[in-house]
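Note sheet for the following structure.
All chains are named by letter (A, B, ...) in the order of the sequence lines, taking the proteins before the strands, and each is independently numbered beginning at 1.
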Protein chains: 2
Amino acid sequence: MKHTRRSESVASQRGEGETTTTPAEPADRERARAIPEAAVARLAVYLRVLSGMADQGVTAVSSEELSQAAGVNAAKLRKDLSYIGSYGTRGVGYDVEVLVSHIERILGLTRNHSVAVVGIGNLGHALANYGGFPGRGFPVTALFDVDDDLVGIPVGGIPVNHIDEITAICVEREVSIGVIATPPPAAQSVCDRLVSAGVQCILNFAPVVLQVPDNVEVRKVDLAVEMQILSFHVARRADEAASVSVGNNGLGVDGMVIRP
Amino acid sequence: MKHTRRSESVASQRGEGETTTTPAEPADRERARAIPEAAVARLAVYLRVLSGMADQGVTAVSSEELSQAAGVNAAKLRKDLSYIGSYGTRGVGYDVEVLVSHIERILGLTRNHSVAVVGIGNLGHALANYGGFPGRGFPVTALFDVDDDLVGIPVGGIPVNHIDEITAICVEREVSIGVIATPPPAAQSVCDRLVSAGVQCILNFAPVVLQVPDNVEVRKVDLAVEMQILSFHVARRADEAASVSVGNNGLGVDGMVIRP
DNA sequence: CCGACTTTGTGCATGCGTTCACAAGCGGTA
DNA sequence: TACCGCTTGTGAACGCATGCACAAAGTCGG
Ligand SMILES: NC(=O)c1ccc[n+]([C@@H]2O[C@H](COP(=O)([O-])OP(=O)(O)OC[C@H]3O[C@@H](n4cnc5c(N)ncnc54)[C@H](O)[C@@H]3O)[C@@H](O)[C@H]2O)c1
Ligand SMILES: NC(=O)c1ccc[n+]([C@@H]2O[C@H](COP(=O)([O-])OP(=O)(O)OC[C@H]3O[C@@H](n4cnc5c(N)ncnc54)[C@H](O)[C@@H]3O)[C@@H](O)[C@H]2O)c1
């Protein structure tokens with residue numbers, strides 16, 4: 001529809017004046033810093049898709065193919081990959097193995113990250129039993145609970161320890177990621193303990209907003225929120241349907257309407 | 001970020017004639033469309049915080065207090081609330097009850113959303129047993145699995161049905177949200193079945209990119225991705241630390257480099 | 001009834017992320 | 001070697017989200 005008249009004006013070719021800081025700077029680090037959070041999340045997805053392809057013997061892939069398998073726009077994929085370097089071959093595509101290894105490097109997957117799960121209830125059991133983590137460089141090395149009936153019992157091959165031992169054990173086993181699966185009221189206190197044990201990354205399943213120091217990274221998985229977002233879309237869709245069928249005169253009942 | 005959808009903003013494309021038509025009613029429907037996805041997610045968080053406050057007898061709250069409890073910027077909170085209307089009192093703050101009911105209305109929580117869980121393994125059991133959903137308007141009304149040993153056994157009070165019954169049962173029980181907790185290879189096929197049973201909202205725990213029609217909303221919970229994002233931050237942090245202590249001469253371990 | 005004080009709601013600037021569009025670059029081919 | 005078609009990598013535009021800063025709008029004490 002629109003025509004953007006590009007002016008071939010100022011040659012932007014080797015426009016290399018903008019590097020700012022240090023002169024001889026290979027720039028991997030600059031890159032790592034500059035990667036948008038959203039892109040990091042997608043890189044993890046690309047990595048999984050690529051691993052699957054590698055397992056099936058695929059050796060090369062184009063941005064178009066990969067983007068489709070990952071469910072994103074091809075241009076976005078290329079831009080995401082460009083954040084980590086230029087590892088493609090024009091006219092051909094990307095070498096799967098090469099891409100895998102570079103994404104792994106950027107995501108810090110060249111070393112293992114030891115995981116501790118706190119709160120071995122319904123969810124904690126599922127997590128501890130889950131086989132998907134160790135295989136991907138995230139071995140679960142410690143489990144904690146307050147319940148004395150659980151302490152000592154192995155879950156998924158790891159014995160449960162009492163929460164009071166959290167500091168000593170986290171330090172000893174070099175836990176780098178703490179997973180909180182306790183009831184909400186206990187979450188903040190567990191979080192504090194993890195932090196004082198030196199854990200700087202936390203994955204929180206409890207529906208609670210955790211307060212942490214700046215140097216600690218928290219990610220939350222909040223199922224209730226996910227459900228409510230879905231609910232919002234249901235409602236919106238119902239509204240639209242209503243406005244179409246009723247004829248867009250305004251409000252339905254209480255703003256709520258029924259399914260198409 | 002962590003989002004699956006291709007078209008981000010909630011307000012997708014403007015339909016043809018219906019834009020300017022409504023004269024005296026800018027209200028709810030147009031509003032609901034305009035709410036940014038990110039804001040919707042936060043509204044759900046505010047709702048939980050507010051509910052907690054209401055339970056403790058708090059009747060009024062300022063944007064400052066609420067924003068702190070929700071872990072966001074106060075200005076952002078006010079903007080988020082402004083998307084749903086003007087229900088605050090200047091100089092005073094917000095009435096907790098009023099806010100709760102309006103957020104619930106916008107999120108479509110004035111009606112129940114029936115949930116079906118597919119794949120009653122480790123995770124499916126945890127979900128089925130979880131008491132947090134029914135209380136919040138998301139009753140789990142159906143469970144499905146292929147495993148004949150599971151079929152008929154009640155989990156969390158609901159008997160497991162065979163996956164082949166999925167269409168009939170989802171229709172009958174008016175399931176509006178389907179949760180996929182099967183192994184990855186089964187996820188797409190389960191998804192297709194849910195969709196053909198009329199389910200338009202899906203919460204996916206399997207590490208797979210689902211392909212769905214445009215009218216279906218998918219949200220994914222991908223623990224491996226969450227872990228990898230944390231891993232990325234660990235790596236970045238390690239790099240920074242190294243650059244400080246080593247003194248920025250170039251490369252660190254493994255070709256990774258550190259920041260200036 | 002007034003004036004001082006508090007807090008909301010929002011216009012605006014800024015920054016980030018997404019998307020488009022295309023030149024540069026590569027492999028294959030004549 | 002020179003050309004051709006294909007795919008990458010990226011500059012630039014666009015659009016959404018964030019945060020600031022302040023007028024508007026209310027409360028409260030006198
Ligand atoms: N189960 C689910 O499917 C699900 C879904 C969404 C959210 N969640 C959230 O995940 C968390 C765990 O859920 P769950 O169903 O596993 O709960 P649960 O009650 O089954 O398990 C909680 C476990 O935490 C332990 N615990 C309590 N206080 C503790 C403390 N201070 N230190 C260490 N351990 C402690 C308990 O002994 C118990 O074993 C909750 O916050 C819940 O809201 C769970
Ligand atoms: N357990 C966890 O903590 C965890 C963590 C992250 C991701 N996940 C993901 O969640 C999913 C479930 O994990 P899990 O540990 O519960 O696995 P699981 O193997 O314990 O359970 C899977 C269940 O799905 C059933 N199933 C298989 N094919 C099916 C089909 N076509 N239709 C219906 N049911 C089918 C199986 O019978 C089994 O009961 C997996 O995709 C896994 O990658 C799980």
Side-chain angles (χ1 to χ4, degrees), chain A residues 1-19 27 31 33-43 46 60-68 70-96 98-99 102, chain B residues 1-14 26 31 33-43 46 59-68 70-96 98-99 102:
Chain A
M1 255 335 215
K2 50 174 57 173
H3 263 322
T4 358
R5 218 34 326 210
R6 36 80 212 334
S7 57
E8 60 275 71
S9 58
V10 189
S12 63
Q13 3 206 17
R14 282 294 90 170
E16 59 110 340
E18 78 327 8
T19 358
R31 283 229 170 80
R33 301 205 92 208
I35 303 180
E37 184 92 4
V40 173
R42 287 190 298 268
L43 283 171
Y46 305 153
V61 68
S62 72
S63 64
E64 186 58 42
E65 294 168 303
L66 182 52
S67 72
Q68 219 155 8
V72 305
N73 179 302
K76 193 193 291 190
L77 177 134
R78 287 200 299 275
K79 171 115 0 190
D80 287 344
L81 292 182
S82 79
Y83 291 128
I84 68 175
S86 300
Y87 304 111
T89 307
R90 294 173 188 226
V92 176
Y94 301 89
D95 181 288
V96 174
V98 169
L99 220 44
H102 279 107
Chain B
M1 289 50 335
K2 37 166 141 221
H3 293 163
T4 17
R5 293 281 291 172
R6 52 265 149 216
S7 65
E8 283 313 335
S9 87
V10 170
S12 28
Q13 75 272 23
R14 240 75 251 273
R31 274 228 174 81
R33 291 194 164 198
I35 303 181
E37 181 95 5
V40 173
R42 286 191 297 267
L43 283 171
Y46 306 153
T59 60
V61 67
S62 73
S63 63
E64 186 59 41
E65 295 168 303
L66 183 52
S67 71
Q68 219 154 9
V72 305
N73 180 302
K76 193 193 294 189
L77 177 134
R78 288 200 298 275
K79 179 143 300 200
D80 287 345
L81 292 182
S82 80
Y83 290 128
I84 68 174
S86 299
Y87 303 111
T89 307
R90 296 175 187 224
V92 177
Y94 301 89
D95 182 289
V96 174
V98 168
L99 220 43
H102 280 107

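Put simply, A/R42 has a side-chain N or O that comes within less than 4.0 Å of OP1 or OP2 on C/dT18. Close to D/dT8, at under 4.0 Å from its OP1 or OP2, lies a side-chain N or O of A/S63.
Where A/G91 and A/A75 meet DNA chain D, the nucleotide closest to each residue was compared, and A/G91 sits on the side nearer the 5' end.
Distance from the side chain of A/R90 is smallest for C/dA24 among the nucleotides C/dA24, D/dT18, C/dG9. Side chain of B/R78, nearest nucleotide from D/dA21, D/dG19, D/dT7: D/dA21. Looking at the side chain of A/K79, the nearest of the listed nucleotides C/dG9, D/dT10, D/dT18 is D/dT10. Closest to the side chain of A/K76, out of C/dA21, C/dT18, D/dG19, is C/dT18. Of the candidates D/dA17, C/dT8, D/dT18, D/dA17 carries the atom nearest the B/P36 side chain, counting heavy atoms from C-beta on.
Distance, A/Y94 OH to C/dC26 P: 14 Å, rounded to whole Å. As a whole-Å value, the separation of A/N73 CG from D/dT7 P is 16 Å. Regarding A/E65, its CD atom lies at a distance of 9 Å from the P atom of D/dT8, rounded to whole Å. Rounded to whole Å, atom P of C/dT7 lies 14 Å from atom CG of B/L77. Whole-Å rounding puts the B/L99 CG to C/dG9 C1' distance at 14 Å. At whole-Å resolution of the value, CD in A/E37 and P in C/dG15 are 20 Å apart. Atoms CG (B/D95) and C1' (C/dT8) sit 15 Å apart, rounded to a whole Å. If you measure from atom CG of A/D80 to atom C1' of D/dT8, you get 14 Å, rounded to the nearest angstrom.
A side chain to side chain contact (heavy atoms under 4.5 Å, CB included) with A/V72 is found for one member of A/L66, A/D80, A/L77 and no other, namely A/L77.
Note that the OH atom of A/Y87 and the CG atom of A/D95 stand 13.0 Å from one another [nearest 0.5 Å]. Rounding to the nearest 0.5 Å places CZ of B/R78 at 6.5 Å from OH of B/Y94.
Shortest non-hydrogen contact noted between A/I35 and A/A39 is CG2-CB, 3.9 Å. Nearest heavy-atom pair across B/A74 and B/S63 is CB-O, 4.2 Å.
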